[in-house]
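Here's the structure we're looking at; comments come further down.
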Amino acid sequence: MRTRKIISIIILLILAGGFILTFSQIPFGKDKINVAHYYISKGIEETGAVNIVTSVVLNYRGFDTLGEVTVLFIAAIGLGAVLFTEKRVQKHASKSKDDKTKKASLILRTGSNLLFPLILLFGAYIFVHGHLTPGGGFQGGAVIASGFLLMYLAFPKQSINKKSLSVVESLSGLIFVGIGLFGLIFSGYFLSNFLPKGIPNTLFSAGIIPIIYIAVGFKVGFELTSVIDDLLGRGK
Amino acid sequence: MIFQLILIFIMIILAVAAVIFKDLINAVVACAAVSLITSILFYFLQAPDVAMAEAAIGAGLTTAIFIIAIRKTERHEKEK
């Protein structure tokens with residue numbers, strides 16, 4: 001046991017030395033990347049999005065974002081597939097359990113009734129304004145999912161119609177890919193910005209970016225909600 | 001600058017506490033606090049997009065998922 005510890009400490013020290021030697025070569029906090037300069041100086045002009053992060057995420061690196069959304073989708077499907085068998089078994093056992101799970105407290109119920117529409121509105125605001133202000137589809141979707149989580153905590157006996165969740169999720173995924181294919185048709189490459197860019201700093205600007213971010217917002221929001229639904233063992 | 005240093009110090013303490021705690025609910029709450037402080041630091045580093053994602057996912061959803069998992073399994077870590 002002691003030799004094992006000594007060996008692991010030696011390996012860790014070698015690793016730490018390697019990291020120190022590597023990172024001492026890289027200048028920290030200095031901008032030496034030409035690509036970053038290009039995005040900052042040309043980003044607004046080329047994409048029409050004032051928020052440069054959004055212009056990188058959805059325009060210059062739009063294909064990577066599609067991959068990211070796909071990864072989340074596959075993770076949600078995998079979770080659903082793993083938890084599905086357990087749900088069947090629990091259904092019979094949980095009948096006596098249901099009597100124990102009473103209502104949530106009055107404060108939680110009233111508070112979440114008041115807050116739920118506001119949280120949804122805030123999430124929608126974040127992803128609709130993704131090209132103007134910080135935030136975007138992923139952040140807005142996570143905020144929406146946290147709103148649904150609050151409702152799940154406040155009303156443990158009710159559940160969302162799982163089918164409508166998956167319909168909205170699939171539709172928004174299709175919109176993302178469809179817009180990408182339209183770009184391929186109209187201007188020659190996948191996810192190209194074929195719509196007019198408009199005036200920067202206005203809501204209707206930046207071409208396809210707001211549309212894709214709305215789709216991503218819906219997709220992420222409902223995907224995370226269905227993940228929570230699967231984990232709580234409800235639905236159906 | 002000093003405020004950020006204090007935040008980093010608190011973050012390290014909370015991260016160590018998350019490992020040490022035997023009650024897993026406490027450990028999860030410490031993790032959520034680490035996420036929250038991380039998002040504040042992201043904001044100070046002028047990355048509001050990342051800060052938003054960290055606050056919503058790290059401090060909100062992940063904590064809930066961990067607590068659901070703990071409720072379905074065991075609350076206290078066992079001594080081996």
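For clarity, every value in this text was computed on a predicted model and none was experimentally measured. Hydrogens, waters and symmetry mates play no part in the numbers below; they use all other heavy atoms, side chains included. A note on names: the letters A, B, ... follow the listed sequences, proteins ahead of strands, and every chain is numbered from 1.
Residues Met151(A) and Leu115(A) form no side-chain contact, since every pair of their non-hydrogen atoms from C-beta on lies 4.5 Å or further apart. Side-chain contact check for Leu106(A) versus Arg109(A): some heavy-atom pair is nearer than 4.5 Å. Side-chain contact between Asn59(A) and Tyr39(A) is absent, with no heavy atoms from C-beta onward closer than 4.5 Å. Proximity of Met11(B) to Leu41(B): side-chain heavy atoms (C-beta onward) are separated by under 4.5 Å at one or more points. The shortest distance between side-chain heavy atoms of Thr62(B) and Phe66(B) falls below 4.5 Å.
Contacts of residues 125-143 of chain A with chain B at a heavy-atom distance below 4.5 Å involve Ile126(A), Pro134(A), Gly135(A), Gln139(A), Ala142(A), Val143(A), listed in sequence order. Heavy-atom proximity under 4.5 angstrom to chain B picks out Leu224(A), Val227(A), Ile228(A) from residues 217-228 of chain A.
Using modelled atom types and a 3.5 Å distance limit, the side chains of Glu54(B) and Thr38(B) yield no donor-acceptor pair.
Ranked by heavy-atom pairs under 4.5 Å with chain A, the list Ile65(B), Leu61(B), Ile68(B) is led by Leu61(B).
With hydrogens and angles ignored, the 3.5 Å screen pairs no side-chain donor or acceptor of Thr63(B) with any backbone N or O of Ala32(B). The closest donor-acceptor contact from the side chain of Ser146(A) to the backbone of Gly60(B) lies at 3.5 Å or more, if one exists at all. Side-chain atoms of Thr54(A) do not come within 3.5 Å of backbone N or O of Val50(A) as any donor-acceptor pair.
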Evaluation steps, side chain to side chain contact (heavy atoms under 4.5 Å, CB included), between Phe176(A) and Leu66(A):
CA-CA 8 Å; Phe176(A) 195 157; Leu66(A) 184 60; 3.9 Å; yes
